[in-house]
Amino acid sequence: MSEIPENLYYTPYHQWVRIDEDEETITVGLTDYAQDYLGDITFIETPEIDLVIEEGENCGVIESVKTATDIFAPITGKILDTNPDLGSEPDLINSDPYDAGWLFTMEPDDIEDCEELMSANSYEQLLEEEEDVDDDY
């Protein structure tokens with residue numbers, strides 16, 4: 001079973017969101033489930049710093065040996081920073097998805113928008129539902 005930390009919020013796009021210590025910014029990354037599903041990650045195109053983006057809008061790409069997938073904004077806000085280590089070490093997402101493998105930080109328009117994302121329990125239910133669908137094929 002995939003690791004699903006309790007202290008994070010989750011999106012249907014298999015991304016996690018952590019409210020940072022300043023309680024005004026968030027850090028976004030790819031979940032353990034997503035990195036496992038994608039396989040060895042080979043390239044990441046992160047969003048541009050200072051980009052103002054709407055919730056659900058595409059803001060980057062992750063490529064792996066299996067496939068490519070888009071990165072989406074979990075909530076509306078401005079991109080503050082991207083993980084500088086991912087350019088030379090994209091596999092950090094595979095080895096440490098919840099810490100060293102973070103994707104970007106944002107300043108949300110409203111930090112309370114995070115509360116509308118999924119809890120760890122809700123995300124776990126989503127994964128179980130997706131597994132049930134996969135079992136049907």
Side-chain angles (χ1 to χ4, degrees):
M1 188 69 179
S2 298
E3 179 185 357
I4 305 172
E6 291 285 327
N7 63 324
L8 302 176
Y9 295 97
Y10 298 88
T11 74
Y13 314 112
H14 304 289
Q15 293 171 194
W16 56 263
V17 174
R18 178 179 57 232
I19 297 176
D20 297 329
E21 289 181 15
D22 64 9
E23 296 185 2
E24 294 178 7
T25 60
I26 62 171
T27 300
V28 179
L30 206 61
T31 66
D32 184 41
Y33 170 84
Q35 70 76 26
D36 185 54
Y37 180 83
L38 291 171
D40 293 336
I41 294 173
T42 57
F43 174 79
I44 298 170
E45 179 185 310
T46 53
E48 291 182 32
I49 294 174
D50 292 331
L51 175 69
V52 176
I53 191 159
E54 297 287 319
E55 175 184 342
E57 198 172 337
N58 180 333
C59 63
V61 175
I62 296 176
E63 295 180 8
S64 72
V65 293
K66 290 183 183 178
T67 189
T69 189
D70 291 327
I71 301 169
F72 298 97
I75 58 179
T76 300
K78 181 169 93 172
I79 304 296
L80 297 177
D81 197 9
T82 59
N83 187 338
D85 298 328
L86 295 180
S88 60
E89 298 179 81
D91 61 334
L92 281 173
I93 293 175
N94 294 117
S95 61
D96 196 1
Y98 294 111
D99 195 22
W102 62 277
L103 297 172
F104 58 91
T105 60
M106 285 182 78
E107 180 181 343
D109 285 359
D110 185 350
I111 196 78
E112 291 183 14
D113 288 346
C114 290
E115 294 174 16
E116 296 184 24
L117 300 173
M118 286 185 270
S119 66
N121 285 342
S122 296
Y123 183 65
E124 188 172 0
Q125 288 176 342
L126 174 75
L127 294 183
E128 289 171 4
E129 289 169 11
E130 287 187 0
E131 286 176 10
D132 289 344
V133 169
D134 289 345
D135 289 344
D136 292 340
Y137 290 99

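Hydrophobic cluster membership is shared by L126 and Y37, with clusters built from Ile, Leu, Val, Met, Phe, Trp and Tyr side chains linked at under 4.5 angstrom.
You'll find the side chain of L103 reaches within 4.5 Å of the side chain of I62, heavy atoms only.
Counting only distance, with no hydrogens or angles, the side chain of D85 and the backbone of G101 share no donor-acceptor pair below 3.5 Å. When atom types are taken as modelled, the side chain of T31 and the backbone of H14 share a donor-acceptor pair closer than 3.5 angstrom. Distance alone, capped at 3.5 Å, is enough to place a donor-acceptor pair between the W16 side chain and the L30 backbone. Judged purely by atom type and a 3.5 angstrom limit, E116 has no side-chain atom pairing as donor or acceptor with the backbone of D113.
With sequence neighbours excluded, the residues forming a side-chain hydrogen bond (donor to acceptor under 3.5 Å, both in side chains) with D22 are T25, listed by chain and number. Remark: E48 pairs with L51 by the side chain to side chain contact (heavy atoms under 4.5 Å, CB included) rule, at least two apart or across chains. For the ring pair (Phe, Tyr, Trp, His ring centres under 6.0 Å) test, no residue two or more places apart in sequence or in another chain qualifies with Y9. Considering only residues two or more places apart in sequence or on other chains, D40 meets the side-chain hydrogen bond (donor to acceptor under 3.5 Å, both in side chains) condition with none of them. Every residue two or more places apart in sequence or in another chain that forms a ring pair (Phe, Tyr, Trp, His ring centres under 6.0 Å) with Y13 is listed here: F72. Listed by chain and number, the residues in a side-chain hydrogen bond (donor to acceptor under 3.5 Å, both in side chains) with T76 amount to none (sequence neighbours excluded).
Going from atom CE of M118 over to atom CG of L8 covers 12.5 Å, rounded to the nearest 0.5 Å. Going from atom CD1 of I4 over to atom CG of D32 covers 8.5 Å, rounded to the nearest 0.5 Å. Taken from SG in C114 to CE in M106, the straight-line distance is 9.0 Å, to the nearest 0.5 Å. Here OG of S2 is found 6.5 Å from OH of Y123. Values are rounded to the nearest 0.5 Å. To the nearest 0.5 Å, atom OH of residue Y33 and atom CD of residue E130 are 5.0 Å apart.
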For this session: Would you check, one step at a time, whether the test side chain to side chain contact (heavy atoms under 4.5 Å, CB included) holds for K78 with D50?
Result: CA-CA 6 Å; K78 181 169 93 172; D50 292 331; 4.0 Å; yes

For this session: Show your working on side chain to side chain contact (heavy atoms under 4.5 Å, CB included) between I93 and I41 and close with a plain yes or no.
Result: CA-CA 7 Å; I93 293 175; I41 294 173; 3.4 Å; yes

For this session: For side chain to side chain contact (heavy atoms under 4.5 Å, CB included), just list the numbers for V28 and I26, CA-CA rounded to whole Å, side-chain angles, deciding distance to a tenth of an Å, and then say yes or no.
Result: CA-CA 7 Å; V28 179; I26 62 171; 4.0 Å; yes

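The heavy-atom pair separating A120 from P5 by the smallest distance is CB-O, 3.7 Å. The two atoms that bring I71 and F104 nearest to each other are CG2-CE2, 3.7 Å, heavy atoms only. Closest heavy-atom contact between P90 and T42: CG-O, 3.4 Å. What you find for E24 and I111 is that their closest heavy atoms are C-CD1, 4.0 Å. Minimum heavy-atom separation, D109 to G77: OD1-CA, 3.7 Å. In terms of heavy-atom proximity, L117 sits nearest to P74 at CD2-O, 3.7 Å.
Under the side-chain hydrogen bond (donor to acceptor under 3.5 Å, both in side chains) criterion, the residue pairs touching residues 58-69 are N58-D70, with sequence neighbours excluded. Sorted by first then second residue, the side-chain hydrogen bond (donor to acceptor under 3.5 Å, both in side chains) pairs that include residues 92-108, not counting sequence neighbours, are Q35-N94.
If you chain together ILVMFWY residues whose side-chain heavy atoms come under 4.5 Å of each other, V52 ends up in a group of its own.
Checking each of D81, N83, D20 against T27 for a side-chain hydrogen bond (donor to acceptor under 3.5 Å, both in side chains) leaves exactly one that passes, namely D20.
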